[in-house]
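Below is one structure, written out as structure tokens; comments come after it.
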Amino acid sequence: MRIDIVTIFPEFFDVLDLSLLGKARQSGLIELGVHNLRDHTHDRHRTVDDTPYGGGAGMVMKPEPWGDALDAIFGEPAPVSSEADAAPGPILIFPSPAGEQFTQAMARELSEQPHLVFACGRYEGIDQRVVDHFATRGEVRLVSLGDYVLNGGEVAVMAMIEAVGRLIPGVVGNPESLVEESHEGGLLEYPSYTKPSSWRGLDVPPVLLSGNHGAISAWRRAQQLERTRRVRPDLLPPAV
């Protein structure tokens, strides 16, 4: 998979050299490009924002540097006559509190794509014309991590790349570990334990020491249902 990120803080993504995603980059499973939006400005101050039309607090990111930065990734627009023959372009993702909610299902869907581009907005957001223009050139998605506001898109993009990247085949060493995670089957994950069997007066549930795999499986399923019912009842299927 190819991942491109446009940001005014490219050093923020140095952490992608670490852990499993860093190993995935080294092995060629993930190809990453981090692009500084200020490299596409045309004034000596490298300005990326301006006051909003219509008034209001804050600043809005200008369309010109965004257009140039994304053009460099997408390539020049194809002539109208050849659009039908053009290969599908990357999926362009704008982190936004006004977007659709990011879920595990979306992470899995995006993990199957060959090329993702993340546009990290700041201030009061990016000029809407950038979204509208690139929506004419490919798939554009506004995506929200949740019902809250961050200072910029970098944290949201990092979370999305982490969630998407680990689902790419070969990134996680044991693919079976992905199956029983929270949200994979629509439920939260069951609690986990390891050695020692007793710690500070707290014991591991006896069923996990029994060696009875059927009983263990039933216990884990019951724990998933109980935890989901208690913490996220909105995730329970209607039958439950």
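For this chain, numbers begin at 1 and follow the sequence in order.
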Taking all non-hydrogen atoms of both residues into account, name the closest pair between [X] and [Y] and its distance.
{"X": "Ile30", "Y": "Gly165", "value": "CD1-CA, 4.2 Å"}
{"X": "Pro90", "Y": "Val117", "value": "CB-CG2, 3.7 Å"}
{"X": "Val204", "Y": "Pro196", "value": "CG2-O, 4.1 Å"}
{"X": "Ala69", "Y": "Val6", "value": "CB-CG1, 4.0 Å"}
{"X": "Asp203", "Y": "Ser198", "value": "OD1-OG, 2.8 Å"}
{"X": "Ala119", "Y": "Pro95", "value": "O-CD, 3.0 Å"}

Side-chain contact test, heavy atoms from C-beta onward, threshold under 4.5 Å: evaluate it for [X] versus [Y] and give yes or no.
{"X": "Trp199", "Y": "Thr194", "result": "no"}
{"X": "Leu16", "Y": "Ile5", "result": "yes"}
{"X": "Met160", "Y": "Val143", "result": "yes"}
{"X": "Phe12", "Y": "Val157", "result": "no"}
{"X": "Glu100", "Y": "Met106", "result": "yes"}
{"X": "His115", "Y": "Ile73", "result": "yes"}
{"X": "Val140", "Y": "Phe94", "result": "yes"}
{"X": "Met158", "Y": "Glu154", "result": "no"}

request  = Carefully, step by step, assess Asp50 and Val60 under the rule side chain to side chain contact (heavy atoms under 4.5 Å, CB included).
outcome  = CA-CA 6 Å; Asp50 208 334; Val60 176; over 6 Å; no
Donor-acceptor pair, distance only, cut-off 3.5 Å: does the side chain of [X] make one with the backbone of [Y]?
{"X": "Arg38", "Y": "Arg46", "result": "yes"}
{"X": "Ser210", "Y": "Asn212", "result": "yes"}
{"X": "Thr7", "Y": "Phe9", "result": "yes"}
{"X": "Thr228", "Y": "Leu188", "result": "yes"}
{"X": "Arg129", "Y": "Pro63", "result": "no"}

inquiry  = As a quick check of understanding, evaluate side-chain hydrogen bond (donor to acceptor under 3.5 Å, both in side chains) for His40 and Asp71, giving each step before the final call.
reply    = CA-CA 10 Å; His40 297 275; Asp71 279 345; over 6 Å; no
ask   = Charged N to carboxylate O below 4.0 Å: is that the case for Glu109 and Arg141?
value =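 Salt bridge flag = yes for Arg141 with Glu109.
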I'd like to know whether [atom1] of [X] has more than 12 heavy-atom contacts from other residues, nucleotides or ligands below 6.0 angstrom.
{"X": "Asn151", "atom1": "CG", "answer": "no"}
{"X": "Asp147", "atom1": "CG", "answer": "no"}
{"X": "Tyr148", "atom1": "OH", "answer": "yes"}

Starting at [atom1] of [X], measure out to [atom2] of [Y] and round the result to the nearest 0.5 Å.
{"X": "Arg220", "Y": "Tyr190", "atom1": "CZ", "atom2": "OH", "answer": "4.0 Å"}
{"X": "Leu116", "Y": "Ser111", "atom1": "CG", "atom2": "OG", "answer": "9.0 Å"}
{"X": "Gln224", "Y": "Leu187", "atom1": "CD", "atom2": "CG", "answer": "5.5 Å"}
{"X": "Glu64", "Y": "His42", "atom1": "CD", "atom2": "NE2", "answer": "8.0 Å"}
{"X": "Phe134", "Y": "Leu92", "atom1": "CZ", "atom2": "CG", "answer": "7.5 Å"}
{"X": "Asp49", "Y": "Asp127", "atom1": "CG", "atom2": "CG", "answer": "12.0 Å"}

Using the rule that two of Ile, Leu, Val, Met, Phe, Trp, Tyr join whenever any of their side-chain heavy atoms come within less than 4.5 Å, decide whether [X] and [Y] are in one cluster.
{"X": "Phe13", "Y": "Ile168", "result": "yes"}
{"X": "Leu225", "Y": "Leu208", "result": "no"}
{"X": "Leu145", "Y": "Ile161", "result": "yes"}
{"X": "Val149", "Y": "Ile126", "result": "no"}
{"X": "Tyr53", "Y": "Met61", "result": "no"}

ask   = Passes side chain to side chain contact (heavy atoms under 4.5 Å, CB included), Met59 versus Thr51? Steps please.
value = CA-CA 5 Å; Met59 305 290 277; Thr51 55; 3.9 Å; yes
inquiry  = For Gln101 and Ser144: C-alpha separation, side-chain torsions, deciding distance, then whether side-chain hydrogen bond (donor to acceptor under 3.5 Å, both in side chains) applies.
reply    = CA-CA 5 Å; Gln101 186 171 3; Ser144 170; over 6 Å; no
query = Pick from Arg25, Gln26, Lys23: which one makes a side-chain hydrogen bond (donor to acceptor under 3.5 Å, both in side chains) with Asp17?
reply = Arg25
inquiry  = Run Tyr123 and Ile8 through side chain to side chain contact (heavy atoms under 4.5 Å, CB included) and show every step you take.
reply    = CA-CA 11 Å; Tyr123 317 121; Ile8 60 172; 3.7 Å; yes
key: Full working for side chain to side chain contact (heavy atoms under 4.5 Å, CB included) between Lys62 and Val48   = CA-CA 6 Å; Lys62 295 163 62 68; Val48 296; 5.9 Å; no
